[in-house]
There are 2 protein chains.
Amino acid sequence: MKLPVDGVQAFVQIAELGSYRRAAEALGLTQTALTRRIQKLEGFLGLTLLDRTTRTVRLSPMGEEFLPLAARLIADFTHGIERLRTTSRLAVGDVTVATIQSIAFRRMPNVLRAYACDYPQNRVQILERSGALVTEAVRKGEADFGIHIQQEPDADLVEDRLVCDPFVLICHRGHPLAGRGAVRWAELGDADLITLGGASGNRHRVEAQLRAAGQPPRGRFVVESTPTAFALVSAGIGAAILPAALQGASQRDDLVAVLLIEPEISRTISLVRRRNTSLTPAAAAFYEMLRVELSGGFG
Amino acid sequence: MKLPVDGVQAFVQIAELGSYRRAAEALGLTQTALTRRIQKLEGFLGLTLLDRTTRTVRLSPMGEEFLPLAARLIADFTHGIERLRTTSRLAVGDVTVATIQSIAFRRMPNVLRAYACDYPQNRVQILERSGALVTEAVRKGEADFGIHIQQEPDADLVEDRLVCDPFVLICHRGHPLAGRGAVRWAELGDADLITLGGASGNRHRVEAQLRAAGQPPRGRFVVESTPTAFALVSAGIGAAILPAALQGASQRDDLVAVLLIEPEISRTISLVRRRNTSLTPAAAAFYEMLRVELSGGFG
DNA sequence: GGAGTTTCATGCCAAAAAATCATGAATTGA
DNA sequence: TCAATTCATGATTTTTTGGCATGAAACTCC
């Protein structure tokens, strides 16, 4: 069963304009086409909707009765479809992103500013999650997509690798290592090190690396949050080992970052979203902006 | 701009059945056709509605959002169209007929009974109007159509001549003229005549005819209503000159009708409806039944 | 883990539907 | 009465749609 929408649309237009010719013009068709549409519709319905002579067009009683409904059906449909197209074209809608803190701190603000400029009516909600909780939020659909440290592949998720975020040594301008282009892990023995604590994957990797370099992680400062680490460094307590992405989180210009090498270890920042689920236009636009912006690497 | 109804319909069906194949079956199409429809719809909208692998189909976020609306749009349209078709096929609806009394009395009941049998859910309203008021009711749209005595042609109305309704002499079984097959107007001089009064066209025609036959209408009985006339005749007061159509209005079997001739004058009973306006299916059905039934003539 | 089955997508073609052009018929109005 | 306007119709072209055969991916069942 095929719905005679064209016919109904033609009927409404003709009824409203009182003329085949004008309706045809309004619809961008020929008058002939409308004649055929109406004939087909009336044939399908088995009744007369328009009483027409060669000169005039008027609604039949049934047409009179049907017109309000018909007009509403067409209007509803048109508006519904049109709203969808607008949503698509302008990428209207809300976006929810789950992200690890480092990105939220450092790079997100720029992207958010640009996105707000391009899509002023869209709201963006940022879920700050640590570690595996990003993928969790994405998997559960709480977030449209996420930004996190790449982990082992997940059957339900698909990742877009963006950039490697190497670990760096953040030290005070006056620190002995501050002038170096890079520092070997093995050279860290002399420094008072500050590391991030908590259950984060970062801590484990850093401690593992220190052990491997023959630098047992004893007597170091372990802090809970990035701002604290910066504050300690700034106060000259020691140097901090952090992902480069966090570097800009401090507003301080008395700090210097030095790349840690031999080996250079890094986290891979990835965009992650559900496999087999497309993003909404609004989310897709934001996703794309993030991808482009974050591909620039960390300098 | 062409509304993508097919696509939306396909989308709804697929979403509800969770499968192209099953949806195709339900719609009486091949799976290929649905694939094409969805592709076209998504292209038109500029977004993804269904996330599909070769094996599974699921709603995308936008699809999820659109489905309720889409389903309602399709359902509304389908129901609206379906109701119209039913109205047409079963001629559902109310009918209003304006008619002169004689028809309402004599022939209408049979037709009404038959119509009520064929279209039990339809209500029929009978407007009893005298003379020109029938056409008035039809012209104003108060009645779908009318039954009346044919008059001069009217530009706004179109008539279907049904049957001639000759004037007859209604007399008591024992009346001297009761046995005759026909009676000349000129022979009425001896009889005590009863005629219908009021402003009806009948009265004028009868009196004109009597005058023409050299029978001035003096000292006759003039009554206001048909039943009274019958009662007088039945009581032996005299004979009544009435249209044959009224004959059966009495339930009496002691009365006899004799055709009046030389000349035989008659009223032409017509169905009348607005020109350039089609009848509703319900009215058309009733109109047709009346036409057939009343073409039988008056016996 | 491999074979078979199921499911959606695609290339190509046929069928069907829709639109158009040219023209006709009826009505209006100068 | 003539010109102009308006809707209908027949023939034709264009566009759209559906279908078949086939492919690729993924699930199931030994």
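Here the structure is a predicted model, which means the values were calculated and not measured. Letters A, B, ... mirror the listed sequences (proteins, then strands); counts begin at 1.
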Check: Nearest to the side chain of Lys40(B) - dT17(D), dA25(D), dG18(D)?
Finding: dT17(D)
Notebook entry, point to check: Under the 6.0 Å and 45° cation-pi test, does Arg37(B) pair with Phe11(B)?
Noted result: no
Margin query: The side chain of Thr30(A) is closest to which nucleotide in this list: dG18(D), dA19(C), dT27(C)?
Written below: dA19(C)
Note to self: Output the rounded distance in Å from CG (Leu50(A)) to P (dC7(D)).
What the structure shows: 10 Å
Checklist line | d(CG, Asp51(B); C1', dC8(C)) in whole Å | finding: 14 Å
Notebook entry, point to check: To the nearest angstrom, how far is Arg21(A) atom CZ from dA4(D) atom P?
Noted result: 15 Å
Next item on the list: Return the value, rounded to whole Å, for the distance between atom CZ of Arg37(B) and atom C1' of dT10(C).
Entry: 18 Å
Margin query: Can you measure Tyr20(A) atom OH to dA26(C) atom C1' for me and round it to whole angstrom units?
Written below: 15 Å
Check: Does Arg36(B) get its side chain close enough to the base of dG19(D), under 3.5 Å, for a donor-acceptor pair?
Finding: yes
Next item on the list: Mind calculating the distance between CD1 (Ile38(B)) and P (dT7(C)) to the nearest angstrom?
Entry: 17 Å
Next item on the list: Would you indicate, yes or no, if dT27(C) has its OP1 or OP2 atom less than 4.0 angstrom from a side-chain nitrogen or oxygen of Thr53(A)?
Entry: no
Item checked: Step-by-step side-chain contact (heavy atoms from CB on, under 4.5 Å) determination, Arg291(A) to Asp160(A) -> CA-CA 8 Å; Arg291(A) 204 177 59 72; Asp160(A) 245 335; 3.7 Å; yes
Notebook entry, point to check: Which listed nucleotide (dT6(D), dG18(D), dT7(C)) is nearest to the side chain of Arg55(A)?
Noted result: dT6(D)
Notebook entry, point to check: Considering heavy-atom distances to DNA chain D, does Gly18(A) or Leu34(B) have its closest nucleotide positioned more toward the 5' end?
Noted result: Gly18(A)
Check: Expressed in angstrom and rounded to an integer, what is the separation of Gln31(B) atom CD from dG11(C) atom C1'?
Finding: 14 Å
Next item on the list: Check every atom of dG19(D), dC8(C), dC7(D) against the side chain of Ala33(B) and return the nucleotide holding the closest atom.
Entry: dG19(D)
Check: So, is the end of the Arg273(A) side chain (NZ or CZ) under 6.0 Å from the ring centre of Tyr287(A) and within 45° of the ring's axis?
Finding: yes
Margin query: The side chain of Thr32(A) is closest to which nucleotide in this list: dT20(C), dT10(C), dT17(D)?
Written below: dT20(C)
Check: Under 4.0 Å between a side-chain N/O of Arg52(A) and OP1 or OP2 of dT6(D), yes or no?
Finding: no
Checklist line | For atom CG of Asp6(B) and atom C1' of dG18(D), their distance in whole Å | finding: 11 Å
Item checked: Ring-face cation of Arg85(B) near Phe44(A) (centre distance under 6.0 Å, axis angle within 45°) -> yes
Notebook entry, point to check: Touch check for Ser19(B), heavy atoms < 4.0 angstrom, all strands: base, sugar-phosphate only, or nothing?
Noted result: sugar-phosphate
Next item on the list: When you get a sec, tell me which of dA17(C), dA9(C), dC7(D) is the closest nucleotide to the side chain of Thr35(B)?
Entry: dA9(C)
Item checked: N/O donor-acceptor pair under 3.5 Å between Asp51(A) side chain and Ser278(B) backbone -> yes
Notebook entry, point to check: Looking at Arg274(B) and Asp156(B), does any basic side-chain N land under 4.0 Å from a carboxylate oxygen?
Noted result: no
Next item on the list: Assign each of Leu29(A) and Thr54(A) to its nearest nucleotide of DNA chain C by heavy atoms, then name whichever residue's nucleotide is nearer the 5' end.
Entry: Leu29(A)
Notebook entry, point to check: Taking N and O atoms by type only, does the side chain of Gln39(B) place a donor or acceptor under 3.5 Å from a partner on the base of dA9(C)?
Noted result: no
